Amino acid sequence: MAKITMREAISQALMEEMDRDPKVFIMGEEVGVWGGTYAVTKGFYDKYGAARVKDTPIAENAIIGGAIGAAMVGQRPIAELMTINFGFSAMDYIVNQASKLHYMFGGQFTLPMVIRAVGGGGRQLGATHSQTPDAIFAHFPGLKVVSPGTPEDAKGLLKSAIRSNDPILFIEHATMYQVRGEVPEGEYTIPIGKSKVQRAGKDVTIVTYCKGLELSMKAAEELSKEGIEVEVVDLRTLRPLDMEPVIESFKKTNRAVVVEEGWKSYGVGSEIASRIYEEAFDYVDAPIIRVAQKEVPLPYNRTLEQAALPQVADITAAVKEVLK
Amino acid sequence: MKKEQQLDLYYQMVLIRRLEERGAELYQAGKIGGFMHLYIGQEAVSTGLIAAREDRDRVITAYRDHGVALNCGISANEVMAELLGKATGMSKGKGGSMHMADTSRNMWGGHAIVGGHLPIASGFAIGDQYAGNDNITICMFGDGATNIGYFHEALNISKIWNLRVLWVCENNQYGMGTAVDRASAVTEIRQKAEGYGMKNGQVDGMDVTKVYEAAVEAMKFVRESSQPYLLEIDTYRFRGHSMGDPERYRKAEEVKKWQENDPIGIFNKQLLDKKIATKKALDEIEARVEEEVAKAVEFAEASPEPAMEELFTDIYAD
């Protein structure tokens with residue numbers, strides 16, 4: 001096992017798939033000459049050339065709409081949204097076109113495409129550039145939404161996404177590119193739509209994904225020192241949602257905390273909590289607690305921003321609360 | 001155009017007209033649901049345009065798509081079946097009036113979000129350019145679509161990336177009920193292409209021969225130069241925007257004036273005047289169409305409803 005960063009993991013996945021399949025190309029803002037705003041595609045332009053690493057104008061409809069069209073006629077485009085916040089400009093393409101064209105035409109069109117999008121707060125980018133709107137996108141049948149929390153998962157899931165015949169929104173977190181983790185040597189993929197137990201425990205189940213996983217693993221360490229063993233289930237894919245490991249864990253612990261970076265109202269945590277109540281009501285020993293972002297547009301000021309975002313302390317407090 | 005081809009175009013135009021007239025009756029009888037936008041009055045546009053394409057060229061259009069579907073070779077049976085939401089429609093009854101497509105005939109829909117299909121059309125051309133072929137994407141849209149951002153993003157990228165797209169604006173004078181001069185900064189839509197340094201032209205959309213000739217020339221330019229082109233085709237819809245249109249925005253005299261320029265009437269007269277066809281031959285085409293439409297209605301009505309299991313198929317390809 002090699003220890004690499006999230007950035008390297010994503011970059012390796014892209015490069016391996018571009019080497020494997022000539023139909024795969026990248027298009028987006030500053031992906032080429034610049035090397036990617038988060039340096040994920042650094043060196044790609046020199047290696048693959050302008051035809052396979054396409055610098056687009058700042059025109060999200062042309063980017064996502066263009067990727068949809070190219071996918072429909074048989075290519076495998078990877079469209080990059082510099083930030084998921086710009087995805088709102090292309091909302092029609094993501095939720096109204098990509099997610100529906102296969103179904104609406106009776107299966108005649110297939111859209112083998114990936115939209116890579118960078119999301120999340122914590123970099124003092126202000127309210128419009130710091131959102132975690134994953135739940136909104138996960139609302140739509142026809143779209144698959146993947147959001148990894150470790151380099152290993154990022155690489156394996158992205159490779160699967162590129163090979164998939166469905167439109168996939170692949171959400172990365174802006175503050176996690178330097179996160180290091182062990183990645184298997186050589187070729188591997190990880191199936192989309194499978195949740196995973198990232199840490200075993202017996203007292204409380206934490207259900208989370210992406211940035212929430214990083215925070216939850218830290219919280220788990222701290223709690224372990226106090227003798228509380230939490231089990232951390234990482235969703236990895238928000239749609240289609242794999243509840244099996246969650247329910248299995250909950251039936252063992254009977255207590256759950258759901259951790260997400262997005263806002264609490266109508267969020268991922270609401271969905272998970274409801275499903276647990278629906279599928280395992282008889283096992284509930286305490287009300288499920290949702291840890292999420294405060295219900296404000298994210299402020300610029302660092303102290304205020306951090307106060308709005310979920311923290312490790314919020315998770316440890318929630319775990320202790322469900323254990324009362 | 002050879003005589004046979006001209007007669008075929010006449011047949012296609014009459015087929016669109018008669019099929020839609022029957023469609024309107026079935027809609028009023030409650031057998032067709034949702035929105036239905038008739039192409040009546042605009043038949044010469046898609047008929048002349050699509051006659052000029054090669055089979056490998058892709059066609060994509062907006063929601064006023066029944067005529068385009070027929071011109072692309074989709075059968076009257078399938079069009080009627082899709083209108084009735086039957087399992088035998090090309091989209092298995094899941095798309096309806098606004099979503100007619102058949103990839104085997106290079107007809108890529110039928111899209112209901114105004115302007116939404118324009119960046120997708122650019123995407124087809126991106127895919128074809130990447131594959132290294134010289135297919136053309138023919139993208140049709142109304143005047144109303146030229147005021148939305150999608151249009152501008154799509155035109156811009158098609159020019160900077162040298163994409164083989166023939167942009168075809170069917171200017172039927174109204175975006176729903178809003179006249180072009182109330183919605184667009186320029187009333188001559190082709191001028192918008194100038195802002196992108198894009199070659200463009202304009203043609204009378206009530207004369208199928210003129211449309212065909214302009215389309216041949218535009219497609220030759222697009223294919224050979226690997227450049228987009230915007231063709232504005234001026235036309236008029238004789239019916240309302242959709243089936244439920246009180247038509248408060250236009251005067252009966254205006255409609256009547258345009259109806260005197262009926263594209264089928266104009267072509268009928270041309271064929272007779274130039275002695276390309278006899279009245280008898282054209283009457284025979286009429287009779288053939290009547291029969292074909294009657295059979296299509298029969299076929300659609302006798303076709304099964306989609307199976308309940310279809311509700312959950314085609315959500316994902318994998």
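Residue numbering restarts at 1 for every chain, and letters A, B, ... go by the order of the sequence lines. Given the structure is predicted, the values throughout are model-derived calculations rather than measurements.
B:Ala131 touches chain A through backbone and side chain together, each having a heavy atom under 4.5 Å away. Contact annotation for A:Pro77: neither backbone nor side-chain heavy atoms come within less than 4.5 Å of a heavy atom of chain B. For B:Leu155, no part sits under 4.5 Å from any heavy atom of chain A, backbone or side chain. Using a 4.5 Å cut-off between heavy atoms, B:Asn156 contacts chain A through its side chain alone, with no backbone atom that close. A:Ile64 does not touch chain B: none of its heavy atoms, backbone or side chain, sits under 4.5 Å away. Contacts of B:Ile315 with chain A are made by both backbone and side-chain atoms, with heavy-atom separations under 4.5 Å. Proximity to chain A (any heavy atom under 4.5 Å) is shown, for B:His152, by neither the backbone nor the side chain. Residue contact with chain B, scored on non-hydrogen atoms closer than 4.5 Å, involves the side chain of A:Gln97 exclusively. Heavy atoms closer than 4.5 Å to chain A are found in the side chain of B:Trp161, but not in its backbone. With a 4.5 angstrom heavy-atom cutoff, A:Thr110 touches chain B only via side-chain atoms. For B:Met90, the parts lying under 4.5 angstrom from a heavy atom of chain A are both the backbone and the side chain. When heavy atoms are compared at a cutoff of 4.5 Å, B:Ile160 approaches chain A solely by way of its side chain, counted from C-beta outward. For a residue to count as touching a neighbouring chain, one of its non-hydrogen atoms must lie under 4.5 Å from one of that chain's; by this rule A:Lys23 touches chain B with the backbone only. Of the atoms belonging to B:Glu310, it is backbone heavy atoms, and not side-chain ones, that fall under 4.5 Å from chain A. At a 4.5 Å heavy-atom cutoff, the contact between B:Thr313 and chain A is made by backbone atoms alone.
Per-residue heavy-atom pair counts under 4.5 Å with chain A were compared for B:Pro119, B:Ala154, B:Pro306, and the maximum is reached by B:Pro119. Interface check for chain A: of the options B:Glu82, B:Arg58, B:Met100, B:Gln129, the most heavy-atom pairs under 4.5 Å are formed by B:Arg58. The greatest number of non-hydrogen atom pairs below 4.5 Å with chain B, out of A:Ala59, A:Pro167, A:Pro22, is found for A:Ala59. Chain B forms more heavy-atom pairs under 4.5 Å with one residue of A:Pro240, A:Gly69, A:Pro141 than with any other, namely A:Gly69. Contacts with chain B were tallied for A:His102, A:Lys144, A:Arg52; A:His102 has the most, counting heavy-atom pairs under 4.5 Å. Note: B:Gly116 leads B:Ala125, B:Ser104, B:Gly116 in heavy-atom pairs under 4.5 Å with chain A.
In this structure, a donor-acceptor pair under 3.5 Å is absent between the side chains of B:His117 and B:Thr61. Between the side chains of B:Trp167 and B:Ser158, a donor-acceptor pair is found at a separation under 3.5 Å.
Taking the ring axis of A:Phe105 as reference, the NZ or CZ atom of B:Lys94 does not stay both within 45° of it and closer than 6.0 Å to the ring centre.
Few gaps surround OH on A:Tyr188; more than 12 heavy atoms of other groups in view lie less than 6.0 Å from it. By the neighbour-count criterion of 12 heavy atoms within 6.0 Å, atom CZ of A:Phe88 is densely surrounded, having more than that number from other residues, nucleotides or ligands. Atom CD of B:Glu301 sits in a crowded spot, with more than 12 heavy atoms from other residues, nucleotides or ligands closer than 6.0 Å. Annotation for A:Ile58: atom CD1 does not count as buried by contact number, only 12 or fewer foreign heavy atoms lying within 6.0 Å. Annotation for A:Lys42: atom NZ does not count as buried by contact number, only 12 or fewer foreign heavy atoms lying within 6.0 Å.
A side chain to side chain contact (heavy atoms under 4.5 Å, CB included) with A:Ser195 holds for exactly one of A:Val233, A:Thr237, A:Asp234; it is A:Val233.
Here the two rings, on A:Tyr266 and A:His139, have centers that are 6.0 Å apart or farther.
Residues B:Cys139 and B:Leu118 have side chains in contact (heavy-atom distance under 4.5 Å, counting atoms from C-beta outward).
For A:Asp19 and A:Lys47, the salt-bridge test passes: some basic side-chain N is under 4.0 Å from an acidic carboxylate O.
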